[in-house]
Amino acid sequence: MNVRRRHISAVALTAVAALGFGTLTACSSDSAAAGDTGTFDVVASFYPMAFLAERIGGEHVHVTSLTQPGQEPHDLEISARQTAQLEEADAALYLKGLQPSVDEAIGQSPIATKIDAAELTALEEHGTEAGHGEEHGDGHEDEHSHEDEHGHDHDHEGGDPHIWLDPVKYAEVAEGVGKAFQKADPDHAADYRKNTATLVKDLEALDEKFRTGLTNRTSDVFVTTHAAFGYLAERYGLTEEAISGLDPDTEPSGARVKELQKIAKDDGVTTVFYETLVSDKTAKTLAGDTGLKTDVLDPVEGITDHSRGEDYFQVMEANLTALRTALGAR
């Protein structure tokens with residue numbers, strides 16, 4: 001089901017070819033003018049995209065994230081100032097379907113290069129539950145579309161956007177971004193190619209750690225606050241049961257809470273996972289009602305002082321440790 005797609009769309013490559021050079025600072029009032037630094041200027045929508053750009057671009061790329069550390073990406077509202085600064089950038093790297101405000105701003109922006117990571121791998125459909133929904137009936141509304149308090153429609157009809165939580169799919173995106181950088185800046189193509197290969201190798205090693213680390217386990221089911229881990233669950237033969245849907249601010253129904261209590265009992269669930277950027281109230285309430293433990297399973301949407309690691313790889317390895325404990329892996 002996880003189809004590899006290692007090419008970039010013609011539209012993306014054509015746009016990338018138009019890349020210029022410049023610099024942008026989204027958080028500082030003394031933003032430098034385009035062309036001052038001689039680096040390839042990339043605006044990333046949020047941490048997983050910024051991480052790719054930084055690892056692949058290395059010293060040749062200046063990266064700015066629109067989402068600040070500690071800010072929940074789904075809730076981001078682009079400011080007028082950020083919109084103006086976005087127009088000065090050379091390229092935008094984003095993941096369409098995750099942040100409506102970013103999608104809208106980039107869609108309306110005259111920026112020459114718009115790289116959508118969702119075009120660099122095959123998206124899949126993941127709902128609130130990974131397997132028990134059909135068996136038990138979830139008794140609540142479809143989670144693929146949700147309108148937030150700002151009036152944005154969080155439409156995930158094109159598929160679950162949380163692709164970076166599957167190291168294999170994240171590697172596919174990395175390869176696509178690397179090819180885009182090589183085409184846009186041929187003078188540094190060798191470095192981009194080398195950096196991409198190193199990153200992909202690291203992601204393959206992470207995939208192997210998850211495969212071997214989760215092999216001998218007593219349970220396949222884990223409960224999370226929101227359905228961010230569908231790709232990870234499918235990759236390693238697990239079943240994710242989410243309290244809310246693809247968007248973390250979706251309130252669960254009473255029927256869903258009761259269903260989760262039954263699932264926890266039937267499948268030997270030991271832990272309810274919550275995340276660093278979202279309130280843990282619902283998770284702790286469910287855990288208290290069912291006599292379960294709580295722990296952090298981080299969707300790596302941003303790195304803060306509360307994160308269990310300083311970058312993507314460290315946090316993902318912390319996630320593996322947490323899953324091994326919760327699933328009884330030996």
Side-chain angles (χ1 to χ4, degrees), residues 1-5 48 121-138 143-144 156 159-174 200-246 256 259-275 283 286 290 292-301 308 312-313 315-330:
M1 189 170 184
N2 291 283
V3 180
R4 288 183 176 271
R5 198 165 83 191
T121 188
L123 298 189
E124 300 166 5
E125 294 289 344
H126 298 125
T128 300
E129 61 291 323
H132 289 270
E134 293 181 5
E135 180 180 348
H136 298 293
D138 59 15
E143 301 293 358
H144 289 290
H156 297 290
D160 178 0
H162 299 85
I163 50 179
W164 67 93
L165 291 168
D166 175 353
V168 176
K169 298 190 81 64
Y170 200 37
E172 292 171 6
V173 175
V200 169
K201 185 177 180 180
D202 289 345
L203 288 167
E204 289 173 346
L206 180 64
D207 171 51
E208 182 61 23
K209 286 181 180 179
F210 268 83
R211 287 187 183 281
T212 57
L214 295 172
T215 298
N216 298 314
R217 57 182 186 262
T218 59
S219 176
D220 295 333
V221 182
F222 64 100
V223 176
T224 62
T225 50
H226 94 280
F229 298 90
Y231 290 107
L232 184 147
E234 182 170 333
R235 177 66 60 190
Y236 305 112
L238 306 178
T239 297
E240 175 190 48
E241 294 289 352
I243 298 172
S244 59
L246 290 172
R256 179 59 179 164
E259 181 189 14
L260 286 170
Q261 292 172 342
K262 185 178 189 305
I263 289 170
K265 182 178 179 180
D266 292 347
D267 293 294
V269 173
T270 64
T271 308
V272 178
F273 287 112
Y274 62 95
E275 53 199 71
L286 176 63
T290 52
L292 303 178
K293 296 179 290 186
T294 59
D295 199 359
V296 172
L297 196 64
D298 197 327
V300 207
E301 294 176 343
R308 293 178 174 176
Y312 171 84
F313 285 104
V315 176
M316 284 294 285
E317 290 191 15
N319 282 343
L320 173 57
T321 298
L323 279 170
R324 280 176 51 81
T325 300
L327 299 177
R330 300 184 300 278

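All figures in this text were calculated on a predicted structure; none of them were measured in a lab.
Note that CD1 of Ile263 and OG1 of Thr239 are 9.5 Å apart. Values are rounded to the nearest 0.5 Å. Rounding to the nearest 0.5 angstrom, the gap separating the CG atom in Asp298 from the OG1 atom in Thr224 is 12.0 Å. Atom CZ of Arg324 sits about 7.5 Å away from atom OG1 of Thr321, to the nearest 0.5 Å.
Among residue pairs with one or both ends in residues 208-226, those qualifying as salt bridge (charged side-chain N to carboxylate O under 4.0 Å, His left out) are Asp207-Arg211, Lys209-Glu317, Arg217-Asp220; sequence neighbours excluded.
The two atoms that bring Thr225 and Tyr274 nearest to each other are CG2-CA, 3.5 Å, heavy atoms only. In terms of heavy-atom proximity, Val272 sits nearest to Leu292 at CG2-CD1, 3.8 Å. Taking both residues in full, the closest heavy atoms of Trp164 and Pro299 are given as NE1-O, 2.7 Å, listed atom of the first, atom of the second, then distance. Ala174 and Val200 get closest at one heavy-atom pair: CB-CG2, 4.4 Å. Closest heavy-atom contact between His226 and Glu275: ND1-OE1, 2.9 Å. For Lys169 against Tyr231, the heavy-atom pair with the smallest separation is CD-CD2, 3.5 Å.
Although no hydrogens or angles enter the test, the distance criterion places a donor-acceptor pair under 3.5 Å between the side chain of Thr270 and the main chain of Ala326. Side chain of Glu240 to backbone of Phe229: a donor-acceptor contact under 3.5 angstrom is found. A donor-acceptor distance shorter than 3.5 angstrom exists from the side chain of Ser219 to the backbone of Asp267, with no hydrogens or angles considered.
Between Val173 and Ile163, the closest side-chain pair of non-hydrogen atoms falls below 4.5 Å. Side chains of Val300 and Asn319 form a contact here, defined as non-hydrogen atoms less than 4.5 Å apart.
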One pair to check against side-chain contact (heavy atoms from CB on, under 4.5 Å): Leu214 and Leu238. What are the steps and the verdict? CA-CA 9 Å; Leu214 295 172; Leu238 306 178; 4.1 Å; yes
Checking side-chain contact (heavy atoms from CB on, under 4.5 Å) for the pair Glu125/Asp160: CA distance, chi angles, key distance, verdict? CA-CA 5 Å; Glu125 294 289 344; Asp160 178 0; over 6 Å; no
Would you check, one step at a time, whether the test side-chain contact (heavy atoms from CB on, under 4.5 Å) holds for Leu165 with Met316? CA-CA 8 Å; Leu165 291 168; Met316 284 294 285; 3.9 Å; yes
Apply side-chain contact (heavy atoms from CB on, under 4.5 Å) to Tyr236 and Leu323, showing your working. CA-CA 11 Å; Tyr236 305 112; Leu323 279 170; over 6 Å; no
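In this structure Tyr170 satisfies the ring pair (Phe, Tyr, Trp, His ring centres under 6.0 Å) test together with Tyr312, sequence neighbours excluded.
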